[in-house]
Amino acid sequence: MAADTAQSTSAPTSFDRGGWGWLFQRITAAFLIVVLAFHFFLLHFYNHAYDVTFAGTSARMGNLAYFATMWLFLVTATFHGVNGIYNALLNQGIKGTQKRAVQGILGIAALLLVVQGTRVALVMNGFL
Amino acid sequence: MSQSYNRGLIEDFGRWKEFQAGMWAWIFHKFTGWILVGYLFTHIAVLSTATSSPEAYTTTLQSLESIFVVRVLEIGLLATAVFHILNGTRLLLVDLGIGLDSQDKSFYASLVLTGAIVVASVPTFLAGLGGGA
């Protein structure tokens with residue numbers, strides 16, 4: 001503990017000993033590495049972005065496995081990105097009210113993004 | 001052997017002349033991360049045109065893709081994503097204790113490989129502009 005205290009006086013850190021954030025950031029990272037690469041490859045190299053039409057998107061999203069992968073992509077990317085911003089701000093040294101405000105704003109932003117993304121995905125696969 | 005460093009305030013960019021490979025890797029990872037999460041929100045916003053009508057979606061995407069600047073930004077996005085993926089893979093390995101002795105070399109390798117992949121992808125990302133193939 002003594003060593004910890006000596007360090008934490010001058011260097012704020014996002015590392016929370018015993019917390020789950022660190023582990024989830026890495027689990028989502030491993031998933032996102034594969035899915036983000038797949039996403040770029042499918043929509044820029046196999047298909048081309050300038051050829052994208054609603055019909056094409058809809059056909060892809062009609063496949064349940066693809067739909068599930070894209071929805072998980074949305075959720076994990078949102079978590080990884082928003083938690084990444086949060087960690088960066090913790091490293092910047094925010095605490096107290098600032099920290100709680102950031103938690104609230106980022107939490108709401110993440111929730112809205114997932115809700116809107118899910119809505120869009122359900123329109124794309126014809127459910128809505 | 002566990003060593004403990006007093007890093008000082010880690011967001012002090014005024015110290016950039018003292019930075020070594022690991023610090024640059026950390027800064028680039030953070031910077032590319034900010035861009036990617038910003039793009040994620042933008043991406044869902046653009047795709048949300050699908051909720052108006054299928055035509056709105058198709059027209060919006062194809063109009064955007066016909067703009068040269070958008071294509072250049074997409075190449076920038078590719079560079080950002082590829083670096084974040086390669087450096088992130090490196091970070092996962094470091095966290096697992098793999099390749100600790102070559103952390104700086106693997107960072108330089110991430111940079112070089114990102115450059116190579118991006119340059120090789122430029123023709124693909126500019127294809128179909130101006131109605132050509």
Side-chain angles (χ1 to χ4, degrees), chain A residues 3-4 6-14 22-23 25-27 29-30 32-34 36-37 39-40 44-45 48-58 61 73-74 77-78 80-85 87-89 91-93 109-110 112-114 116-124 128, chain B residues 2 4-11 26 29-31 33-34 36-41 43-62 64-66 70-71 74-75 77-78 81-82 84-86 88-89 91-92 95-96 117 121 124-129 131:
Chain A
D4 281 351
Q7 253 193 356
S8 62
T9 49
S10 57
T13 173
S14 55
W22 185 88
L23 183 63
Q25 191 71 357
R26 275 143 189 85
I27 292 172
L32 289 166
I33 286 170
V34 179
L36 178 58
H39 189 60
F40 256 98
H44 285 281
F45 293 85
H48 297 283
Y50 59 85
D51 279 336
V52 168
T53 58
F54 184 81
T57 299
S58 195
M61 291 297 263
F73 187 24
L74 170 73
T78 303
H80 189 89
V82 170
N83 192 49
I85 294 177
N87 286 337
L89 293 174
N91 287 331
Q92 193 81 44
L112 288 177
L113 187 65
V114 169
Q116 178 63 9
T118 304
R119 235 184 103 219
V120 172
L122 291 172
V123 168
M124 287 171 169
L128 288 178
Chain B
S2 91
S4 94
Y5 298 99
N6 186 336
R7 297 164 294 158
L9 179 64
I10 51 180
E11 293 278 1
W26 185 75
H29 202 73
K30 187 196 301 248
F31 179 67
W34 280 103
L36 291 172
V37 69
Y39 178 72
L40 175 61
F41 280 85
H43 195 40
I44 297 299
V46 169
L47 299 185
S48 292
T49 49
T51 60
S52 311
S53 70
E55 296 73 32
Y57 176 86
T58 304
T59 312
T60 304
L61 291 190
Q62 297 201 341
L64 284 171
E65 288 297 326
S66 69
V70 171
R71 298 298 192 96
E74 278 181 337
I75 295 170
L77 183 72
L78 177 77
V82 170
H84 202 82
I85 286 177
L86 293 176
T89 305
L91 293 178
L92 288 179
D95 281 340
L96 293 170
I117 291 173
S121 304
T124 307
F125 275 70
L126 293 182
L129 262 182

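Residue numbering restarts at 1 for every chain, and letters A, B, ... go by the order of the sequence lines.
- The part of A:Asp51 that comes within reach of chain B is its backbone (N, CA, C, O), which places non-hydrogen atoms under 4.5 angstrom from that chain.
- In this structure, chain A has a heavy atom under 4.5 Å from the side chain of B:Leu61, while its backbone stays farther away.
- Between A:Tyr50 and B:Gly128, the closest heavy-atom pair is CZ-CA, 3.9 Å.
- In this structure, the side chains of B:Ile85 and A:Phe40 stay at 4.5 Å or more apart for every pair of heavy atoms.
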From CA spacing to verdict: side-chain contact (heavy atoms from CB on, under 4.5 Å), B:Thr124, A:His48: CA-CA 8 Å; B:Thr124 307; A:His48 297 283; 4.0 Å; yes
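- Between chain A and the residues B:Val37, B:Leu86, B:Thr49, the largest count of heavy-atom pairs under 4.5 Å involves B:Val37.
- Scanning for ring pair (Phe, Tyr, Trp, His ring centres under 6.0 Å) contacts around B:Phe125 gives A:His44, A:Phe45, with sequence neighbours left out.
- Contact of A:Thr78 with chain B is made through backbone and side chain together, with heavy-atom distances under 4.5 Å.
- Among A:Leu128, A:Val82, A:Thr53, A:Leu113, the residue with the largest count of heavy-atom pairs under 4.5 Å with chain B is A:Leu113.
- The 12-atom threshold is exceeded at CZ of A:Arg26, counting heavy atoms of other residues, nucleotides or ligands nearer than 6.0 Å.
- Contact detail for A:Ala109 and B:Phe41: the closest heavy-atom pair is O-CE2, 3.8 Å.
- The candidate from B:Leu77, B:Leu36, B:Leu78 with the greatest count of non-hydrogen atom pairs under 4.5 Å with chain A is B:Leu78.
- Contact count versus chain B (heavy atoms, under 4.5 Å) is highest, among A:Ala49, A:Ala37, A:Ala30, for A:Ala49.
- Between chain A and the options B:His43, B:Arg71, B:Glu55, heavy-atom pairs under 4.5 Å are most frequent for B:Arg71.
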Residue pair A:Trp22, B:Asp95: steps toward the side-chain contact (heavy atoms from CB on, under 4.5 Å) verdict: CA-CA 11 Å; A:Trp22 185 88; B:Asp95 281 340; 3.9 Å; yes
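- For B:Ala81 against A:Leu36, the heavy-atom pair with the smallest separation is CB-CD2, 4.0 Å.
- Residues A:Met124 and B:Leu47 meet the side-chain proximity criterion, which asks for heavy atoms closer than 4.5 Å.
- Contact annotation: the side chain of A:Val52 approaches that of B:Tyr57 to within less than 4.5 Å [non-hydrogen atoms, C-beta and beyond].
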